[in-house]
Amino acid sequence: MARPKRPNVPVVIDGHEVMAYPDDTVLSVAKRNGIRIPHLCALDGVSVYGGCRLCVVDVAERHKLMPACGTAVAEDMEVHTQSRTLQEHRKLILEMILAEGNHVCAVCVSNGACELQDLAVELGVDHVRPDYQFPRRTVDASHPKYTFDPNRCVLCTRCVRTCSEVEGAHVWDVAGRANGSYLIADLGQPWGEAPSCTWCGKCVAVCPTGALAWKGKAVGEMRHDPNLVAFLTSARDEGEWLDRETM
Ligand code: SF4
Ligand code: SF4
């Protein structure tokens with residue numbers, strides 16, 4: 001169904017009435033109205049994954065917390081995005097993500113330009129309560145242009161969705177289960193030997209951490225471009241280019 005010209009579904013977020021499109025999620029309408037909901041796996045321009053759970057919100061009438069990225073709006077829905085409980089949940093989720101990998105910012109190519117690091121600052125994560133797992137995952141530097149450090153991968157699947165849905169190459173996938181899950185290229189080959197890869201760099205652009213990076217970047221030099229995909233898909237889906245300056 002085509003979108004109406006103007007948003008026509010009233011929704012109340014944190015006490016303010018905002019108008020949503022019928023196909024909006026709580027996260028998308030909040031974003032458009034300047035209401036910040038912390039999130040990590042959500043990425044404009046690709047499908048919803050709902051894996052990180054950082055965007056949990058309180059929806060009146062529902063008896064559990066809901067992920068804002070995967071919750072469709074409904075008329076007169078009442079949403080709360082800020083509370084002590086939500087803050088505590090988000091903080092613990094982020095601590096678990098940090099404990100699960102090796103996020104040593106001081107030696108990371110994305111130090112100072114990392115969404116995970118920014119979220120830790122935003123949520124006030126100054127220490128981590130779960131035990132650190134200290135994984136020893138092999139870095140894949142086989143690609144001529146890029147590197148993949150799975151120790152810094154948070155399994156957000158942004159790269160998986162971008163490569164599959166936008167580039168159409170579907171190089172990346174997630175193998176394994178639960179905390180044994182890991183990212184694979186072309187059914188488990190070194191990335192540099194994956195024939196599906198077109199070397200487009202879109203996956204590297206959208207990675208929220210230092211897991212995917214351009215080769216040759218030193219500590220703090222890697223800059224990602226998470227708005228790239230929304231920019232590209234706006235042309236594909238709507239026939240018009242979004243102004244990147246306003247994204
Ligand atoms: S460089 Fe492009 S084709 Fe290769 S894995 Fe990344 S998104 Fe896919
Ligand atoms: S490599 Fe980056 S984009 Fe891909 S799943 Fe890991 S953290 Fe997410």
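Since the model is a prediction, treat every value here as computed from it, not as a measurement. All values below were derived from every heavy atom in this structure, side-chain atoms included, with hydrogens, water molecules and symmetry-related copies excluded. For ligands, and for the atoms within them, numbers begin at 1 and follow the listed sequence.
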Item checked: For F148, atoms of ligand 2 separated by under 4.0 Å from a heavy atom -> 1 (S)

Note to self: Determine whether C197 and H143 satisfy the following criterion, side chain to side chain contact (heavy atoms under 4.5 Å, CB included), listing intermediate values before the conclusion.
What the structure shows: CA-CA 10 Å; C197 182; H143 199 288; 3.4 Å; yes

Margin query: I need the protein N, O or S atoms closer than 2.8 Å to atom 6 (Fe) of ligand 2, given as residue plus atom name.
Written below: C153 SG

Item checked: hydrophobic_cluster_shared for Y21 and V48, side chain cutoff 4.5 Å -> no

Item checked: In the protein, N/O/S atoms that are found under 2.8 Å from atom 4 (Fe) of ligand 1, waters not counted -> C197 SG

Please set out all donor-acceptor pairs under 3.5 angstrom arising from side-chain atoms of residues 95-106, sequence neighbours excluded.
unit_1, atom_1, unit_2, atom_2, d
E95, OE1, R129, N, 3.0
E95, OE1, R129, NE, 2.8
E95, OE2, R129, NE, 3.4
E95, OE2, R129, NH2, 2.9
E100, OE2, R137, NH2, 2.8
N102, ND2, P135, O, 2.7
N102, ND2, N151, OD1, 3.4

Next item on the list: Answer yes or no: does atom NE2 of H127 have more than 12 heavy-atom neighbours from other residues, nucleotides or ligands under 6.0 Å?
Entry: yes

N/O donor to acceptor pairs below 3.5 angstrom from side-chain atoms of residues 26-42, sequence neighbours left out:
unit_1, atom_1, unit_2, atom_2, d
S28, OG, D24, OD1, 2.6
S28, OG, T25, N, 2.9
S28, OG, T25, O, 3.1
S28, OG, T25, OG1, 3.2
K31, NZ, D44, OD1, 3.4
K31, NZ, D44, OD2, 3.2
R32, NH1, D24, OD1, 3.2
R32, NH1, D24, OD2, 3.4
R32, NH2, D24, OD2, 2.4
N33, ND2, V29, O, 2.8
R36, NE, E122, OE1, 3.3
R36, NE, E122, OE2, 3.1
R36, NH2, E122, OE1, 2.6
H39, ND1, I37, O, 2.8

Next item on the list: Heavy-atom distances under 4.0 Å are what count here, so tell me which part of W172 touches ligand 2: side chain, backbone, both or neither.
Entry: neither

Checklist line | Shortest non-hydrogen contact from G210 toward C108 | finding: CA-SG, 3.9 Å

Next item on the list: Please work out which of the three classes, parallel, tilted or perpendicular, describes the rings of W191 and Y146, given edges at 30° and 60°.
Entry: parallel

Item checked: Where V57 and A68 come nearest, the two heavy atoms and their spacing -> CG1-CB, 4.0 Å

Notebook entry, point to check: Of the non-hydrogen atoms in V73 and A20, which two are nearest, and what is the gap between them?
Noted result: CG2-CB, 4.0 Å

Notebook entry, point to check: Less than 4.0 Å between a side-chain N and a carboxylate O, is that true for R161 and E167?
Noted result: no

